[in-house]
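Each remark here refers to the structure printed beneath this line.
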Amino acid sequence: MDTRDDLAESTKKNSWYPCGDRFKKFMREKVGRHHALAHPDDIESYLSHIKDGGYSIKVTERSSNTVYYQHLSPLKTFFAWLVHHVDYPHVYNPVLLAAHAGGITCEVWYWQTEYKPGYAERQDE
């Protein structure tokens, strides 16, 4: 998080840190593996759990907006950071592989690309 100067402290505090805590809990309790060693199917399971209101006492289902910006995006950034730092032996980003495989990760990924104005035009460049 220290490398993300572009994020407001409120975003880190209210969104990204809680996502990290939830993902660590999910990986520890449901998968039984360290959170940095997630497989694409773990990402899919986690985002499906989150979409269905997991770890919330008030929400029964989360919007694609919430799943993308508060959960998928922080995880994608975390694993991209690991891939680009030689101290951590990661050669792929499991979020990207999960998005390619389909399911909720793919659905939310493509929701986000449709949501951003002008994305379709950039694809053709």
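These numbers come from a predicted model, not from an experiment.
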In the hydrophobic clustering that connects Ile, Leu, Val, Met, Phe, Trp and Tyr at side-chain heavy-atom distances below 4.5 Å, which members other than L37 occupy its cluster, ordered by chain and number?
->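 Cluster partners of L37: none, it stands alone.
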Output the rest of the hydrophobic cluster of V91: all Ile, Leu, Val, Met, Phe, Trp and Tyr residues reachable through side-chain heavy-atom contacts under 4.5 Å, sorted by chain and number.
->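 Hydrophobic cluster check, V91: joined to Y92, L97.
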Salt bridge (charged side-chain N to carboxylate O under 4.0 Å, His left out): which pairs involve residues 24-40, sequence neighbours left out?
->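 Checked against salt bridge (charged side-chain N to carboxylate O under 4.0 Å, His left out) - neighbours excluded - the pairs reaching residues 24-40 are R33-D42.
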Would you call the rings of F79 and F23 parallel, tilted or perpendicular if under 30° counts as parallel and over 60° as perpendicular?
->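 Answer is perpendicular, since the angle exceeds 60°.
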Looking at residues at least two apart in the chain, or sitting in another chain, which of them share a side-chain contact (heavy atoms from CB on, under 4.5 Å) with V83?
->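 Result, side-chain contact (heavy atoms from CB on, under 4.5 Å) vs V83: H90.
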Heavy-atom side-chain proximity of F78 to P74 below 4.5 angstrom =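 They are not in side-chain contact.
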Distance (rounded to the nearest 0.5 Å) between [X] [atom1] and [Y] [atom2]:
| X | Y | atom1 | atom2 | value |
| --- | --- | --- | --- | --- |
| E61 | T66 | CD | OG1 | 10.5 Å |
| S64 | W109 | OG | CH2 | 14.5 Å |
| W111 | S63 | CH2 | OG | 7.0 Å |
| D21 | Y55 | CG | OH | 11.0 Å |
| T105 | L75 | OG1 | CG | 9.5 Å |
| N93 | H84 | CG | NE2 | 9.5 Å |

Heavy-atom closest pair, residues A98 and E44 =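 Nearest heavy atoms, A98 then E44: CB-N, 4.4 Å.
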What closest approach, in Å, do A99 and C106 show between heavy atoms, and which atom pair accounts for it?
->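 Closest approach of A99 to C106: O-CB, 3.1 Å.
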All N/O donor-acceptor pairs, side-chain side in residues 45-52, below 3.5 Å, sequence neighbours left out:
unit_1: S45; atom_1: OG; unit_2: D41; atom_2: O; d: 3.0
unit_1: Y46; atom_1: OH; unit_2: H71; atom_2: ND1; d: 3.2
unit_1: K51; atom_1: NZ; unit_2: R62; atom_2: O; d: 2.9

Would a distance-only check, ignoring hydrogens and angles, find a side-chain to backbone donor-acceptor pair under 3.5 Å from Q112 to Y68?
->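 Here the side-chain-to-backbone pair does not exist.
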Of all residues at least two apart in sequence or in a different chain, which pass the side chain to side chain donor-acceptor pair (under 3.5 Å) check with S56?
->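 With neighbours one apart ignored, the set is empty.
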